[in-house]
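Shown next, in structure tokens, is the structure this report addresses.
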Amino acid sequence: MVAACKATGKTIGLVPTMGALHEGHASLVKRAVNENNVCFVSVFVNPTQFNNKEDLEKYPRNIKRDAELLESIGADFVFAPTPEEMYSSEEMNTRFDFDFAGLDKVMEGKMRPGHFNGVVQVVSRLFYLVKPDKAYFGEKDFQQLAIIHHMVEHSSLAGTFGNLEIIGCPIVREQSGLALSSRNERLSKKEKQTAVAISKTLFLSLEWAKMKDATVAQVQQKVIDTVNAVPGLEVEYYEIVDQTTLLPTDTFEHAIGCITVWCGPVRLIDNIKY
Ligand code: PAF
């Protein structure tokens, strides 16, 4: 199929997903459908990127509903391999060798050792298999997006994917402000209401950052304190970093604030650009 597309000069758009699709994924797929002749969507809960067995087991799966949604919004192909089809047992059990230039040492990388190894392993494999012209990723996983940009532009793998263009797409939010996530399915109704305080605080922090003499450190701490003051929420980290290097910054220019919060048993992430 890929060969046929290449032979006839059709452009391929790829949207890698782990399924349990929501409007956020749909926005990526709609864009891929619009901007390419053919749209591939992969649905694969990638075991090598989970460092927590329970999280892997509990990750929501509903391929039938996903396939229906994908068909209704115009995706051409759904690729839903099993782990055995994707990896040899050796690949499943060894770390993918990749130089992240430090991008995996901060935030999610620090909290979830090996996570980004698994992400790069699966995404690079999908790129080799599907040979997309464009690949679409959500900005909610901002660190993941930065690492994929690095992989395609600067790492030892750069140049091996042809002229592949990586496209980051804005976070899609519920009307309440809550960032859409497959993990939201695991929140109770009450927890979902509580979780709204996360995005609300991030949006407020845009105003705090504009106040005279506001420093990055002050705003960072105020976000942490405000979210932690909400019963039922516990901040794991909130870091304001440079959008490219992901390193701490002391200016709001080109900065992004990335937050991880436990809401009951569910770990939620969100971010805001200053
Ligand atoms: O963002 C995700 O859902 C996953 O990390 C991805 C990019 C599909 C790789 O498994």
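Each ligand, and each atom within it, is numbered from 1 in the order the structure gives. Note that the structure is a prediction, hence the values are computed from the model and not measured. For this chain, numbers begin at 1 and follow the sequence in order.
For residues 145-159, the side chain to side chain donor-acceptor pair (under 3.5 Å) pairs, not counting sequence neighbours, are His149-Glu153. Here side chain to side chain donor-acceptor pair (under 3.5 Å) pairs that include residues 222-231, with residues two or more places apart or in two chains, are Gln221-Asp225.
Those atoms of ligand 1 that come under 4.0 Å of a heavy atom in Met18, given as number and element, are 3 (O), 4 (C), 8 (C), 10 (O). Numbered from 1 in the order shown, with element, the atoms of ligand 1 that lie under 4.0 Å from a heavy atom of Val122 read 9 (C), 10 (O). Interface atoms of ligand 1 facing Pro16, defined by a heavy-atom separation under 4.0 Å, are 8 (C). Residue Thr17 has at least one heavy-atom neighbour below 4.0 Å for each of these atoms of ligand 1: 8 (C). Near Gln144, meaning under 4.0 Å from any of its heavy atoms, are these atoms of ligand 1: 1 (O), 2 (C), 4 (C), 5 (O), 7 (C). Taking a cut-off of under 4.0 Å to the non-hydrogen atoms of Gln49, the atoms of ligand 1 that pass are 4 (C), 5 (O), 9 (C), 10 (O).
No more than 12 heavy atoms of other residues, nucleotides or ligands lie within 6.0 Å of NZ in Lys10, so this atom counts as exposed by the packing criterion. Counting non-hydrogen atoms of other residues, nucleotides and ligands closer than 6.0 Å to CE of Met92 gives a total above 12.
At least one donor-acceptor pair under 3.5 Å links the side chain of Asn117 to the backbone N or O of Phe96.
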